Amino acid sequence: MKNSVSKWLRVAAAASALSSAAFVASSASSASAAGPTYQPAHAGGTLKLLATGAGGTLDPQVNYTLQYWQLYQATYDGLVTFQKVGGTPSFTIVPDLATSLPTVSKNGLTYSFTLRKGIKFSNGQPVTVDDVKATFQRLFKVSNPNAGTWYNVIVGGPACVTTPATCTLPGLVVNAATNSVVFHLIHADAEFLDQLAVPFGSILPASTPPKDQGSTPIPGTGAYKFASYNPNTALVMTRNPYFKVWSSAAQPQGYPDTIVQTFGQTVESEVTSVENGQADWIFDPLPSDRLQQVSTKYAKDVHVHTLTADWYLPMNMNIAPFNNLKARQAVNYAIDKNAAVTLDGGVQLATPTCTILPPNFPGHVNACVYNKGNGSTYAGPDLAKAKALVKASGTFGEKVAVVSQNDPVDANIGQYVVSVLNSIGYKATLKPLSQNIQFNYIQDSNNHVQISLTQWFQDYPAASDFINVLLSCANFHKGSPNSINISGMCVPSIDAKIHQAENLMITNPTAANKLWGQLDTQIMAQQAPWVPLFNPKLVDFTSSRVGNYQFSLEFYMYVDQLWVK
Amino acid sequence: MFTFVVRRLVSAILVMFSISVMVFLIFFATPGVNPAARIAGRSASPQVLAQVSAEFGLNRPLPIRYGLMMWHLFIKQDLTSYVNIGVRVIPQITGAAPVTLSLVLGAAVIWLIVGVAGGLVAAANRGKWVDPLIMFGGIAAVSIPVFWLGQVVGLLTQTKFHSVFQWLPGSGYVSFTQSPGQWALHLLLPWFTLATLYAGVYARVLRAELVNAMNEDYVRTARAKGLSERRILMRHALRCSLISVVSLFGLDFGSLVGGAALLTEVVFGLPGIGMLTYTSLQNLDLPVIMAAVMYGAFFIVLASAVVDVLYAVLDPRVRVVK
């Protein structure tokens, strides 16, 4: 992940709709395909992880950082989860605390689960259907980040969003005698299972107070439990004494006896610690000046993965000059994505992209509307076309401020964008802002941001998590710092198509993903709300004693599967 | 003495009040800083945003917000962080203070010994080659930025010559109660790194004071009495020259304990007050910034008061004038 700010924000969020039903559909067959066999010889030891800073609250129903979502994989379980295996199958949803994937009614409005028996929380209490019910009520009571965008699809959800204190959630019906858990939805939602599979859907004891628990660990059902947490020093995970494997695809047995994530070192000294074997892995992105040394000297301990994420330049479609389509198209032609990749650290760290949906993502089609030549693979900028479009748009000579974050990589890319805008006829300046401020600043339409540099990381593998979340009318809130449709794009004909694709996803995921792909190209060609720059890569650097590295596309490296013995 | 203490206390409260108001206003005047937007999450709906605002009292007028923050910080002492939700601010400060104190105390011992010895030797050898050599060393020590020195020391011991320095642990902190040996080992390099600058300053200041003192009347009297040069330097000139060193030390020590050792703490990954200030600034965590700034301001005000008292104790002339 690119920068430390996005620790809060880096995992994306979505409004209603769609999912990787294609992946879900295939899961029934692969559910039994568990990961590799457990090797007791490698069990034991202490895994030492490093991060420059803590990830905020430890409450899985509130925390929205990849830093802790990664750790929750070993500590909490939902009714369903993303399969714990490496590579593309990690996008597959499998049953976890539920005995099987749910039975979904024909109209898509009812999801019926049966809860497994005999599972205990790390405090020794058995997991019951009452815990499930309380968990989903608590989601609203703790103001879960997506309570009003995802979980309000459950009958009674909207009332829970308005008055959380009195939330009863009548749409979730449980029966202790049969251990059944039935969700009734307001409308069919192809992404509902994905939303149950992320850590927000972790089942917690009913006795958990309905308030963000902050640094107090909440008991879970995973192979590990959080033993202690001090955001200024360390987070410690130890084995959950009540854990027994019920499905190694959902919650495998872990290897280290203790997992410690220590906070407070600079990223440079973290790298040195891993090189010297004083620590095993660092959470933060490797500094680009150490990358060369690390990747040549410790090649076998470096693991590189392309992420399903975008770095992009959203242009504000509601104010000059980018309320003019030709102006937006001109910028798309002018920016050299390869230059942006170089500034990010080179091809080792990023791949240029022309589309909204990242490669290897449902719905992605290889296309490049604004390109040198007519190829579908990016070949370079076309400055002549860009200059002509600026002239034709009548925006030549207008002032443009580029708002980027102030860390070196972001500011350098921002500076590059400024130079390109100047070269095609604008009077551009750079406005670098602190990492923590910039993200909410560029969303707020009161700040009149014309063009900015930002990133989006997926929540789960669904095209709507990009197109619907980032470009639909519903996600543009005028004058609010939480308005994730940063371009402010609201085109009724495209919105209608987004809804069509979402609905089609429920019945025919293949056709729906084809439609999403068409939408991606259509939005870029007809609206050009952004300049997609590149898809970032993640570089994991582990110590030489570590073995059994496995990478999930959804939650990244499985910390509990690493061997330190 | 009583009026002196009361006057000090009132001025301390005034200083801390104005600093807190400034920190508060600068924070909320910054566009894009809305803590509720960040707490609510990346794609929170407007209702969820409104609930979070209400829960943290962020929808109330600024003066009330300020009053509430001060009430929770000083009276109820249960102010919590905006970033690490539920984590109280005061235990963070009390947890970080011993780390900073360990760092500053150890470094102070080193810089006092090296600085005073350097100043003495240079003054005693005035006109010989040793004097300019020590003074050059002092200038060099003052000129080296502490973050650079810390990084280079880290680079040499942890990377380039790691095989030689394997007995040195990596960055971080181990508390004294946990293991006194590891505590000292972890702090060894930070102590020397932090002490370098101050040792240079103190050596130079002390030498200048000693050279001045050696020309004073009481030194001439001592010489006339037939005392040895060494006795004059150590017993008479040094005592008087230490006055300015003591006042300097008080202020330096106060500001370092209050968080001015930030760069050293960050470079060596020591979770002290400076590091806490640094991370809270990075995260724009107002409650922690506020508490850290108040803590630092308190120590600086306290240190300057102690210095004033000590000054009066050491130098009778100050008392007479008063």
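Letters A, B, ... mirror the listed sequences (proteins, then strands); counts begin at 1. Here the structure is a predicted model, which means the values were calculated and not measured.
Residue B/S45 holds its OG atom at 7.0 Å from NE2 of A/H477, rounded to the nearest 0.5 Å. Note that CG of B/L168 and CG of A/N276 are 11.0 Å apart. Values are rounded to the nearest 0.5 Å. Put simply, CD on B/Q158 and CD on A/Q278 are 5.0 Å apart, with the number rounded to the nearest 0.5 Å. For the atom pair OG of A/S480 and CG of B/N34, the computed distance is 8.5 Å after rounding to the nearest 0.5 Å.
Contacts of A/F263 with chain B are absent, with no heavy-atom separation under 4.5 Å from either backbone or side chain. Of the atoms belonging to A/S215, heavy atoms from both backbone and side chain fall under 4.5 Å from chain B. When heavy atoms are compared at a cutoff of 4.5 Å, A/N144 approaches chain B solely by way of its backbone atoms N, CA, C and O. Using a 4.5 Å cut-off between heavy atoms, A/S143 touches chain B through backbone and side chain atoms alike. Proximity to chain A is absent for every atom of B/S81, based on heavy atoms less than 4.5 angstrom apart. If you measure heavy-atom distances from A/N482 to chain B, the contacts under 4.5 Å come from both the backbone and the side chain. For B/P169, the part sitting under 4.5 Å from any heavy atom of chain A is the backbone (N, CA, C, O) and nothing else.
By number of non-hydrogen pairs under 4.5 angstrom with chain B, the leading residue of A/S483, A/S434, A/P164 is A/P164. Per-residue heavy-atom pair counts under 4.5 Å with chain A were compared for B/Q92, B/Q151, B/Q166, B/E55, and the maximum is reached by B/Q92. Counting heavy-atom pairs closer than 4.5 Å to chain A, the top residue among B/G269, B/A37, B/A40 is B/A37.
When all heavy atoms of B/L276 and A/N232 are compared, the pair lying nearest together is CD1-OD1, 3.4 Å. Scanning all heavy atoms of the two residues, the minimum distance from B/R38 to A/N440 falls at CG-OD1, 2.9 Å. B/V48 and A/G148 make their closest contact through CG2-N, 3.8 Å (heavy atoms, listed as atom of the first residue, atom of the second, distance). Between A/I437 and B/L284, the shortest heavy-atom contact is CG1-CD1, 3.2 Å. Across all their heavy atoms, A/T162 and B/Q51 have their closest contact at O-NE2, 3.8 Å.
Residue B/F27 qualifies as enclosed at atom CZ: its count of foreign heavy atoms under 6.0 Å is above 12. More than 12 heavy-atom neighbours from other residues, nucleotides or ligands sit within 6.0 angstrom of CZ on B/F28. Other residues, nucleotides and ligands place no more than 12 heavy atoms under 6.0 Å from the OH atom of B/Y278.
By the 4.5 Å heavy-atom criterion applied to side chains, A/T266 and B/V266 are counted as neighbours.
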